Amino acid sequence: MTSVAQHRRRGRPPKSEDGYSETRQTLIREGVAALTEKGFVASGLEELLARAQVPKGSFYYYFPSKEAFGLVLIEAYAAYFNTKLARWLKDDSAPPAERLRHFIADACRGMERHGFRRGCLVGTLGQELGALPDTYRTALRDVLTGWEDRLTACLLPIDPTRARAWARFFWTGWEGAVLRARLERSTAPLRAFEDGFLTLIAAEHASPPR
């Protein structure tokens with residue numbers, strides 16, 4: 001088996017550790033953008049390297065394989081999104097439902113800013129699972145579980161007995177809403193899902209548990 005060190009001897013390495021880190025982060029940033037726009041299968045390595053302005057022969061200095069690179073992109077996207085969730089869902093100055101509205105409003109602004117070209121990396125890759133390595137299935141599932149945990153914590157003050165089920169339902173429906181928003185090039189599907197989800201919470205909270 002070829003080692004990571006052997007892979008990294010290909011291409012010309014950067015002149016400094018700072019250069020290595022900066023180039024690697026550029027590849028990750030452009031990779032995340034490409035995957036949210038096109039997915040893994042349609043994102044050609046040559047196109048990505050051109051976007052990042054990195055010579056093709058240097059790619060394996062930074063990552064041992066395209067599969068490993070994809071896993072790093074999933075991890076990077078999860079870290080970015082977790083920061084976003086923390087910003088909105090942990091805002092103690094607002095009640096739980098309002099925190100969720102703020103998160104959705106921010107997501108709407110983001111999709112509009114990118115002309116609805118970019119979706120959710122997790123949802124996009126989830127539609128390609130048949131063509132992806134099995135390691136991606138586990139990585140994507142773990143990301144969704146983390147999002148579920150964060151939303152559950154936000155919704156606990158409303159109803160501790162239902163918060164987990166609500167959070168699971170939200171992320172399942174959210175991925176579909178993001179997909180439809182891209183198809184329609186409109187935030188209307190996100191807003192419709194927002195209204196439906198919060199109406200569901202209000203109705204179930206008003207009724208006694210079964």
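This one's a predicted model, so the numbers in the text were calculated from it and none came from an experiment.
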Could you tell me whether a side-chain N or O of [X] sits under 3.5 Å from a main-chain N or O of [Y], the two making a donor and an acceptor?
X    : Y    : answer
R185 : A181 : no
W171 : W147 : yes
E128 : F40  : yes
R117 : H114 : yes
S58  : V54  : no

Which atom of [X] lies closest to which atom of [Y], heavy atoms considered:
X    : Y    : value
D149 : R164 : OD1-NH1, 2.7 Å
L73  : L121 : O-CD1, 4.3 Å
L85  : R150 : CD1-CD, 3.9 Å
L140 : I74  : CD2-CD1, 3.9 Å
V143 : A78  : CG2-CB, 3.8 Å
R180 : P189 : CG-CG, 3.7 Å

> Do R24 and E30 sit within salt-bridge range, that is, some charged N less than 4.0 Å from a carboxylate O?
Replying inline: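 A salt bridge is absent here (no side-chain N lies under 4.0 Å from a carboxylate O).
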>> One thing to verify: whether E194 and R191 come together as a salt bridge, which I'm taking to mean a side-chain N less than 4.0 angstrom from a carboxylate O.
In response: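 Yes, R191 and E194 are salt-bridged.
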Please determine whether the number of non-hydrogen atoms from other residues, nucleotides or ligands lying under 6.0 Å from atom [atom1] of [X] exceeds 12.
X    : atom1 : result
K90  : NZ    : no
R168 : CZ    : no
F116 : CZ    : yes
E67  : CD    : yes

Reported [atom1]-to-[atom2] distance for the pair [X] and [Y], which is rounded to 0.5 angstrom:
X    : Y    : atom1 : atom2 : result
E98  : L198 : CD    : CG    : 9.0 Å
I104 : T187 : CD1   : OG1   : 11.0 Å
R137 : L129 : CZ    : CG    : 5.0 Å
T138 : D142 : OG1   : CG    : 6.5 Å
K38  : S43  : NZ    : OG    : 6.5 Å

> Do you reckon W88 sits in the same ILVMFWY cluster as L156, going by side-chain contacts under 4.5 Å, direct or chained?
Replying inline: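 Cluster IDs for W88 and L156 differ.
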> Out of curiosity, does L132 fall in the hydrophobic cluster containing L179 (side-chain heavy atoms, cut-off under 4.5 Å, transitive links)?
Replying inline: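 They do not share one cluster, since no chain of ILVMFWY contacts under 4.5 Å joins L179 to L132.
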> Can the ring centroids of W174 and F169 be said to lie less than 6.0 angstrom from one another?
Replying inline: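 No, ring centres 6.0 Å or more apart.
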>> If the test is ring pair (Phe, Tyr, Trp, His ring centres under 6.0 Å), which one of Y62, F63, Y61 qualifies with F59?
In response: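 Checked Y62, F63, Y61 against F59; only one passes ring pair (Phe, Tyr, Trp, His ring centres under 6.0 Å): F63.
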>> Let's go through R51 and E37 carefully: what are the C-alpha distance in whole Å and the side-chain angles of both, what is the deciding distance for salt bridge (Lys or Arg N to Asp or Glu O under 4.0 Å) to 0.1 Å, and is it a yes or a no?
In response: CA-CA 13 Å; R51 289 175 57 158; E37 291 177 9; 3.7 Å; yes
